[in-house]
Amino acid sequence: MCLSCGYGEPDDDHGSPDHGTWTDPRKTSRVADVDPARVADTIRPGMEALGTPPS
C-alpha cells in the first residue's frame, strides 16, 4: 500500500500515481547516490521544515 497508509505494502499505489510508494525514495536515492535509508531519514525533517499545511 502507499507509504502514507502503512499497511506493509509500500510499493502498491492502489492504481493512483498520486500515492507515494517505496519506489520514489529508491529512485531518489539512485539519483542522489545515497542510501535509501538516508532518503527516508530526511523525509520527516524536510516535511517539518515546511510547517503545518493549512486546513
Side-chain angles (χ1 to χ4, degrees):
M1 198 167 272
C2 61
L3 289 174
S4 59
C5 294
Y7 287 118
E9 297 176 12
D11 283 319
D12 183 356
D13 69 3
H14 303 287
S16 173
D18 291 335
H19 293 160
T21 66
W22 181 235
T23 300
D24 301 324
R26 286 190 308 218
K27 178 180 176 183
T28 301
S29 73
R30 285 194 302 274
V31 170
D33 194 29
V34 298
D35 187 272
R38 166 112 187 212
V39 174
D41 288 343
T42 63
I43 290 173
R44 179 176 296 276
M47 295 302 294
E48 288 171 350
L50 293 174
T52 304
S55 50

(message) Under the rule for salt bridge (Lys or Arg N to Asp or Glu O under 4.0 Å), what residues qualify as partners of R38, not counting sequence neighbours?
(response)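 Testing R38 for salt bridge (Lys or Arg N to Asp or Glu O under 4.0 Å), a comparison that skips the adjacent residues, returns none.
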(request) Please identify each residue that fulfils side-chain contact (heavy atoms from CB on, under 4.5 Å) with R30, with sequence neighbours left out. (result) R26, K27
(request) Please list, chain by chain and in numerical order, all residues satisfying side-chain contact (heavy atoms from CB on, under 4.5 Å) with T28, sequence neighbours excluded. (result)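 Residues passing side-chain contact (heavy atoms from CB on, under 4.5 Å) with T28: V39.
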